[in-house]
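First comes the structure, then the notes that go with it.
Numbers restart at 1 for each chain; the letters A, B, ... are given by sequence-line order, proteins then strands.
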2 protein chains.
Amino acid sequence: MASTDYIPHISYDSVIFGFSGDKLKILLLEYHNTELLALPGGFVKNTEDLNDAVRRGLEERTGLKNIYLEQFYTFGNYQRHQPQVLKTILEANGFDSGGEYRWMLDRFITVAYYALINYNEVVPQPDELSDFCKWYPVDQLPPLMLDHADIVAKAIDTLRENIDRKLIGMNLLPEKFTMKELQHVYEAILGVNLRRTTFQRKMLASDLLIRHEKKYSGEAHKAPFLYSFRIK
Amino acid sequence: MASTDYIPHISYDSVIFGFSGDKLKILLLEYHNTELLALPGGFVKNTEDLNDAVRRGLEERTGLKNIYLEQFYTFGNYQRHQPQVLKTILEANGFDSGGEYRWMLDRFITVAYYALINYNEVVPQPDELSDFCKWYPVDQLPPLMLDHADIVAKAIDTLRENIDRKLIGMNLLPEKFTMKELQHVYEAILGVNLRRTTFQRKMLASDLLIRHEKKYSGEAHKAPFLYSFRIK
DNA sequence: TTATTATTGTCATGAAATGAGACAATAATG
DNA sequence: CATTATTGTCTCATTTCATGACAATAATAA
């Protein structure tokens, strides 16, 4: 990770959404020997496309390829520049903040992306500066480093705006799912309760879903159908 | 414009929309002694907020303060890097592309914004590298430099998505306007014809407009009311 | 003064989408 | 076979929207 390999002053951060236990969650890193939680992020190589850099970083962190990824905002306030925070992290990891890693103390403008992944397919991998990589529900986030709380808030806003225009449910659920599970994804993202019959009618009318066999859960009531999304 | 004043590798470009003659138009620069048309853009000072930098550049170009401004995408493909294009422009202006301006040949990741302005209040000002600064209708654009055509296309897409959520008409029209003028703004942005009665009903029901006196144009028909937007 | 013309503001009508609840079907259990 | 919880679908009222009809009106022509 020599400074000459990367474009200086530019980073990316990714808000990685997953869905589990009826809650919308994101992946956060915790740095060694500090109490700072942060979004997974990284830098862009000199001859690399910005979007490719983000995809590369995500694949390292999740092990998944072909992740659903969307850029949503670039954060460039001068106030983001807090070199002492990076210094703390570097030194807590035993790196010399005056040497090879000096460039990481510079001012960075960061391009933010959100990703949607299937929670069950992922084993989160921490990076070389962090030891934890854990899921946190978006309605119970701990304090985050720098302006990362603003970045998460904007990511959720964007997700809400996009919920009916992009196939968000598809990327947060397994291949096959019940109508109730899909409804819970919508409810977790929008933060409201939806009416079951109206939701079901709207989804079926949208022609996005294919109905499959029933799912017998072993519980004492009618078994729901499984669905998948028509377009991949 | 010394390299040390600005963050390297980061630029912004602005798509400045105006409305005139029932057409949606944008401002383009033409560089001295070249045939390259480009979006107005600039760089971010070392201790300046990104958003402030864009606002500063826009004020220089239009003379307006408090411009409606929205960031919509950051373009970071490596293919954007075409140093010979910048070299041509610099040398056509008599600058030494190997000296003080050398940094402008570097790779840049550009943050794109769109602005909405009242066409009649603006006298476009070219910058130090360009001699023309002219309005072009978005449906008849000439070839643009680098990936600027992509940037414009994405700006228009974003404008369409935002048309009902943000007060776009307000910023493209003078203080008071007729319902027909507002409809023409919508039609120019969406690229479709709208039904007069439906548009009028929807706008009145939205509660965004205040009705003022009638506008007597001298033509042989009923005079329309003037409207303004309720919130500023 | 009165008829003409183009445009505007509003209403009437029917179609489509949505909200809210009713109800039968059904998978397991007692 | 009755009970229970949940699901799939239907009904009905309400709201929204598309479309066309029509009267009001500002200037001009007769």
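In this structure, the CG atom of Leu226(A) is 14 Å from the P atom of dA27(C), given to the nearest Å. Atom-to-atom, CE of Met203(A) to P of dT7(D) comes out at 16 Å; the value is rounded to the nearest Å. For the pair Tyr216(B) OH and dT25(D) C1', the computed distance is 9 Å after rounding to whole Å. Going from atom CG of Leu194(A) over to atom P of dG19(C) covers 10 Å, rounded to whole Å. Separating the CZ atom of Phe225(B) from the P atom of dT10(C) is a distance of 7 Å, rounded to the nearest angstrom. Between the C1' atom of dT8(C) and the NZ atom of Lys215(B) lies a distance of 13 Å, rounded to the nearest Å. Straight-line distance from the NZ atom of Lys202(A) to the C1' atom of dA16(C): 15 Å, rounded to whole Å. As a whole-Å value, the separation of Phe199(B) CZ from dA18(D) C1' is 16 Å.
Side-chain proximity of Leu204(A) to the nucleotides dT9(D), dA26(D), dA18(D) is greatest for dT9(D). When the nucleotides dT18(C), dT4(D), dT19(D) are ranked by their closest atom to the side chain of Ala220(A), dT4(D) comes out on top. Closest approach to the Thr197(A) side chain among dA22(C), dT28(D), dA28(C) is made by dA22(C) (side chain taken as heavy atoms from C-beta onward). When distances are taken from the side chain of Arg196(B) to each of dG8(D), dA26(D), dA21(D), the shortest belongs to dA21(D).
Side-chain contact between Arg165(B) and Glu161(A): present, with at least one pair of heavy atoms (C-beta onward) separated by less than 4.5 Å.
Looking at heavy-atom distances under 4.0 Å, Ser217(A) makes no contact with the nucleic acid at all. Across all strands, Lys214(B) comes closer than 4.0 Å only to sugar-phosphate atoms, never to a base (heavy-atom distances).
For an aromatic pair to be called close, the ring centres must be under 6.0 Å apart, and Phe229(A) with Phe177(A) satisfies this. Checked against the 6.0 Å centroid criterion, the rings of Phe108(B) and Phe43(B) qualify as a close aromatic pair.
For the pair Val111(B) and Tyr113(B), the tightest heavy-atom approach, listed with the atom from each and the gap, is CG1-CE1, 3.6 Å.
The base of dA18(D) lies close enough to the side chain of Arg201(B) for a donor and an acceptor atom to sit less than 3.5 Å apart. Judged by atom type and distance alone, Lys222(A) reaches the base of dT7(D) through a side-chain donor-acceptor pair under 3.5 Å.
Position along DNA chain C of the nearest nucleotide to Arg195(A) versus Gly218(A) favours Arg195(A) as the more 5'-ward residue.
Between Lys215(B) and Glu181(B), at least one side-chain nitrogen of the basic residue sits less than 4.0 Å from a carboxylate oxygen of the acidic one, meeting the salt-bridge criterion.
Contact between the side-chain N/O atoms of Lys180(B) and the OP1/OP2 oxygens of dT8(C) is found at a separation under 4.0 Å.
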